[in-house]
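Working notes, beginning with the structure itself.
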Amino acid sequence: MKRKHSLVLVGMLGVAMSLTACGDDSDSGSSEGSGGGGGDTAGKIGVILPDTESSVRWESADRPALESAFEEAGVEYDIQNAEGDADRMTQIADTMIGNGVTVLAIVNLDSESGAAIQEKAASQGVATIDYDRLTLGGSAEYYVSFDNTVVGELQGQGLADCLGDKDANIVYLNGSPTDNNATLFAEGAHSVLDSMTNYKVVGEQAVPDWDNEEAATIFQQLYTAADGKVDGVLAANDGLGGAAIGILEGAGQAGTVPVTGQDATVEGLQNVLAGTQCMTVYKSATQEAGALAETAIALVNGEDAETTGTTVDSSDDSEVPSILLEPQSITKDNVKDVIDDGGQAAADVCTGDFAAMCEEAGIS
Ligand code: BGC
């Protein structure tokens, strides 16, 4: 079953809406812009990011990439962060709708609150987009993300490449149970690793809200329960990987036990260069933000956006028109690719002791 496009009138509503040029907001939690002096596109795009704790990506990579994409497209925008609080996301959405956004993109904190936001938006004639995370049971017109099953496959393959043919005990540190992506990452990783009979899963747990501190506690428990006999860690992102590396360091095993990650954060890339992390997954924020801007503008104009296919919402088997981008596996050998692509600045990664490692990796 395909979701209905109920909002073909959005473009016309957008044209009728008055354009209020907003200056840049100095408040760190929000940014607004008029898209390069007034905006070429009639309409305003609201984006609500999830938090600042589950990954540094949202504020350090997504926000600036979204600002550039909207500025370049000449569209008015308002980007806010829900700070990990679903009620706050709901309030921000209400305010944005009240302030006349034509399209609302959210990175949900859980599907239930996300679906309620989308339902309310639709009732007010506001089109919605799922940014990065699919809202199960939601009503978004489009889903813009990376292929998250492939992300998990890259992590599984990356860990296998680091471990090799030996017998190995593996611990999984999965993402938040409320995040559909976390389910896909784990499925992707299992689809690669489960068929490798020399590997044994000796512990697996989801980390609520991707909380990095809780991840350290959980990993410590799993590590102790396995009598310290852990040979590899499938960590779902760089933050969770960093938590595991911290515990392994305490046990004198950092660098000998490969750990995976995701997001190609500064810390993740530094750990990869130092050899305490076996790999990370790079998902270009420029690409994802650009795809969101294009999709949102199509909606504002009442046009169909270009999609790469559909994604099945596992809660009701509906098909959500999607734009899914290709993630890239990063090891010590190609950290340079992330820098060359502008994913991180060499000046941020190559600090202190990392300067020499950067040089060795061909990063200047
Ligand atoms: C995103 C990851 C991120 C995680 C925690 C996931 O939905 O796809 O990139 O690390 O959330 O914020």
Side-chain angles (χ1 to χ4, degrees), residues 14 19-52 55-82 92 96 99 101-107 127-133 142-146 238 262-266 268-269 281-301 303 305-308 323-328 330 336-349:
L19 274 175
T20 43
C22 313
D24 273 347
D25 194 327
S26 55
D27 179 350
S28 63
S30 71
S31 49
E32 289 187 62
S34 57
D40 305 317
T41 305
K44 181 170 173 178
I45 297 160
V47 182
I48 316 180
L49 301 172
D51 61 68
T52 57
S55 171
V56 293
R57 66 165 280 188
W58 305 113
E59 287 298 325
S60 71
D62 291 81
R63 182 188 291 275
L66 289 163
E67 286 169 356
S68 310
F70 294 141
E71 295 282 342
E72 200 171 309
V75 65
E76 234 192 305
Y77 62 89
D78 183 3
I79 306 168
Q80 307 270 349
N81 192 310
I92 295 171
M96 284 184 172
N99 287 343
V101 293
T102 4
V103 175
L104 177 64
I106 61 168
V107 184
T128 56
I129 301 174
D130 274 327
Y131 183 60
D132 202 73
R133 298 177 182 166
Y142 291 102
Y143 173 43
V144 174
S145 192
F146 281 81
D238 287 352
Q262 170 180 195
D263 288 343
T265 62
V266 168
L269 292 176
V281 178
Y282 176 51
K283 305 187 296 185
S284 159
T286 307
Q287 277 186 30
E288 195 172 7
L292 178 66
E294 271 177 36
T295 307
I297 288 163
L299 278 171
V300 165
N301 293 330
E303 292 161 6
E306 238 178 86
T307 57
T308 56
I323 298 89
L324 295 189
L325 304 160
E326 209 183 306
Q328 192 189 345
I330 301 296
K336 190 176 185 299
D337 288 359
V338 179
I339 311 286
D340 289 348
D341 195 52
Q344 296 294 353
D348 293 330
V349 176

Closest approach of [X] and [Y], non-hydrogen atoms and distance?
X: A285; Y: A65; value: O-CB, 3.5 Å
X: E71; Y: Y77; value: OE2-OH, 2.6 Å
X: D238; Y: G268; value: OD2-CA, 3.5 Å
X: K44; Y: N99; value: NZ-O, 4.4 Å
X: L324; Y: F146; value: CD2-O, 3.7 Å
X: L325; Y: A291; value: CD1-CB, 4.4 Å

About how many Å separate [atom2] of [Y] and [atom1] of [X], when rounded to the nearest 0.5 Å?
X: I48; Y: L104; atom1: CD1; atom2: CG; result: 5.0 Å
X: E32; Y: M96; atom1: CD; atom2: CE; result: 8.0 Å
X: L292; Y: Q287; atom1: CG; atom2: CD; result: 13.5 Å
X: D263; Y: L269; atom1: CG; atom2: CG; result: 10.0 Å
X: E76; Y: I45; atom1: CD; atom2: CD1; result: 9.5 Å

Who passes side chain to side chain donor-acceptor pair (under 3.5 Å) against [X], sequence neighbours left out?
X: T295; value: none
X: D62; value: R57, Y131
X: E67; value: S31
X: D341; value: Y282

For [Y], is there any backbone N or O sitting under 3.5 Å from a side-chain donor or acceptor partner on [X]?
X: T307; Y: I323; answer: no
X: D78; Y: G46; answer: no
X: Q344; Y: A264; answer: yes
X: D132; Y: S145; answer: no

May I have the step-by-step check of side chain to side chain contact (heavy atoms under 4.5 Å, CB included) for I129 and V103, ending in yes or no? CA-CA 8 Å; I129 301 174; V103 175; 3.8 Å; yes

pair P50-R133: side-chain heavy atoms closer than 4.5 Å: yes

Test side chain to side chain contact (heavy atoms under 4.5 Å, CB included) on T102 and L299 and set out the steps. CA-CA 8 Å; T102 4; L299 278 171; over 6 Å; no

Those residues that, when tested against A346, pass side-chain contact (heavy atoms from CB on, under 4.5 Å) (two or more places apart):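 Result, side-chain contact (heavy atoms from CB on, under 4.5 Å) vs A346: I339, C350, I363.
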
Contacts of T52 meeting side-chain contact (heavy atoms from CB on, under 4.5 Å) (sequence neighbours excluded), chain-then-number -> E59, N81, E83

Just checking E326: does its CD atom have more than 12 heavy atoms from other residues, nucleotides or ligands closer to it than 6.0 angstrom?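 12 or below, so no.
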
